[in-house]
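A, B, ... follow the sequence lines: proteins, then strands. Residue 1 opens every chain.
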Amino acid sequence: MKDSDFFEINTPQIVAESVDGEVIVVDLANGYYFSLSGTAAFIWSRLAAARGSFSEIFEDLQSAYTGEDMKSGLRSFLSQLEAENLIRSAQAKAGLPPKVEKIFSDSRKPFSKPVIEKFTDMKEFLLVDPIHEVNMRGWPHRREDSRNLPPASAKDAENA
Amino acid sequence: MTLPESTGHTPMAPEAASAFLVQCQKILSALQTSGGSGGQKKFYRVAGQTMTVCFRQSFFQQRLLPALDHLQAGGGEASQGVIHLAGPDELPEDWLHFFPEPDPQTSAEGFHAEDETGQAVVFRSDRFASFSYLSADSRHALYALSDPERLPSYETGSPLRVLFFWMLRRSGIQMMHAACVGTKRGAVLIGGHGGAGKSMTALRCLTGSMHYAGDDYTAVDLSGEFPRARSVYSSAKIHPRDLETVPGLAQWFVLPHGEDMRENKAVGFLAEGFRRQLMVAAPLKGILLPVITGEKMSRVEPLGRLQALRELAPSSLLQFPGAGQEDFQRMGELVRRLSCWRIFLGADPQSLVNAVSEVCESAGEKNNAG
């Protein structure tokens with residue numbers, strides 16, 4: 001990933017909503033959804049405001065956070081987002097760079113590695129049935145043999 | 001078996017989409033031109049919008065429309081939408097090649113496509129060979145079945161939901177994958193994915209004398225001071241074995257007949273038996289997200305807005321083809337404007353009714369769960 005590489009959110013497949021400073025991202029194509037907080041939410045909000053190059057996003061990150069390994073942390077996080085198809089490479093816009101409102105511009109916070117939490121439980125339920133199937137014991141026991149899916153878990157979260 | 005990457009609703013290839021949209025408009029135009037000769041019209045108030053439903057085949061009235069009985073209206077008002085229902089006799093023969101046999105290996109429920117403006121939109125369900133089409137004028141729509149015998153029982157419980165989703169969202173009304181019950185003071189949405197406990201919670205509240213607006217889908221209008229729930233279906237879906245656990249309901253349910261019981265739920269039509277408890281619209285006082293416990297008593301605790309949105313929104317977004325950022329924003333607004341609660345479902349029916357009623361009777365202030 002070069003400093004001059006541009007990125008943007010992979011719309012319209014990817015939708016996101018921010019609540020209380022955290023962001024939920026849903027991939028409408030495969031049913032996965034993601035939770036982003038802290039620096040991850042900041043970087044996402046920066047991308048939601050406007051496409052940007054790695055160096056531009058890093059510059060904005062530096063204006064809000066302070067600490068070591070910020071550049072490698074950002075590079076690793078953007079690679080994760082790209083691997084999950086949440087963002088994509090973009091063309092640089094001609095003319096002046098977009099004006100981006102800094103979200104946490106009053107005081108810089110300690111930088112922590114951005115983390116994305118991934119949830120796959122909704123995909124399982126979508127695969128089972130547009131409504132939902134249950135096993136022979138009835139509600140609320142899901143069929144475990146439905147399309148050879150593993151037993152349902154309440155939440156299948158993993159750190160991507 | 002490796003899970004397929006594609007779920008829900010897959011976009012069509014552009015060439016196929018274009019041809020599909022043209023075909024749909026032709027069929028719709030032909031039905032409009034023939035003008036309902038020999039056909040019937042029924043009128044419904046769906047989420048405050050008057051909809052006219054036109055059809056010729058009695059099958060539609062018998063199997064597709066009973067879930068809307070509580071919304072029937074007179075024909076005097078101007079319609080915001082006209083939905084034509086078409087059966088195999090009204091579809092051109094060459095249309096059938098658009099309906100391949102469902103592939104058991106694919107997870108996709110169907111395909112959807114939009115025209116360049118995003119106004120005309122079509123969804124083709126491969127599961128039971130139907131398609132839904134909304135014309136570019138946003139007022140005229142088509143729902144067609146190439147083989148009524150393949151219509152699964154769950155579809156009779158929530159008919160035309162894709163069309164309603166498209167038509168209502170253009171008026172700022174959001175279809176949610178959520179149950180809704182209430183008291184005289186207000187109502188609650190009950191969210192969560194399939195199997196979370198929406199239907200059983202809603203039906204236990206119904207038999208506990210509460211008001212009922214639906215067990216699976218509810219429309220939400222965010223335009224007023226309070227978000228308002230609007231009932232779309234007076235039906236309920238439940239596994240036949242679970243009917244025994246909710247006394248007094250069985251007579252209103254149609255059991256799956258001649259089909260694999262594991263594949264189909266019993267569908268209940270409640271307009272006749274519970275007319276006084278059916279709630280067409282009500283101010284919302286909160287959002288409940290259920291979890292099933294092994295305890296006897298039910299209870300509610302404040303739930304963070306983020307967690308509420310995480311449990312409420314994905315299934316609503318993923319069940320409606322064409323849902324997108326605008327819909328997610330409305331769901332975000334909903335959790336910001338309402339109190340959100342975790343409801344721990346216990347075995348005692350009255351305790352459940354009490355816990356749900358407590359939130360319905362509240363002033364609806366946002367809790368501090370952040």
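- Taking both residues in full, the closest heavy atoms of Ala16(A) and Gln325(B) are given as O-NE2, 2.5 Å, listed atom of the first, atom of the second, then distance.
- Using a 4.5 Å cut-off on side-chain heavy atoms (C-beta onward), Leu306(B) and Ser35(A) make contact.
- Across all their heavy atoms, Ile24(A) and Phe328(B) have their closest contact at O-CE2, 3.4 Å.
- Closest of all the heavy-atom pairs between Pro314(B) and Val26(A) is CG-CG2, 4.5 Å.
- Proximity to chain A is limited to the backbone of Ala323(B), based on heavy atoms less than 4.5 angstrom apart.
- Screening residues 22-32 of chain A for salt bridge (Lys or Arg N to Asp or Glu O under 4.0 Å), with sequence neighbours left out, gives no hits.
- Here OH of Tyr33(A) is found 9.5 Å from CG of Leu318(B). Values are rounded to the nearest 0.5 Å.
- Only the backbone of Ser18(A) comes within contact range of chain B, judged by heavy atoms closer than 4.5 Å.
- Applying the side-chain contact (heavy atoms from CB on, under 4.5 Å) test to Glu311(B) and every residue at least two apart in sequence or in another chain returns Leu289(B), Gln307(B), Arg342(B).
- Here the CD atom belonging to Glu17(A) is positioned 9.0 Å from the CD atom belonging to Glu333(B), to the nearest 0.5 angstrom.
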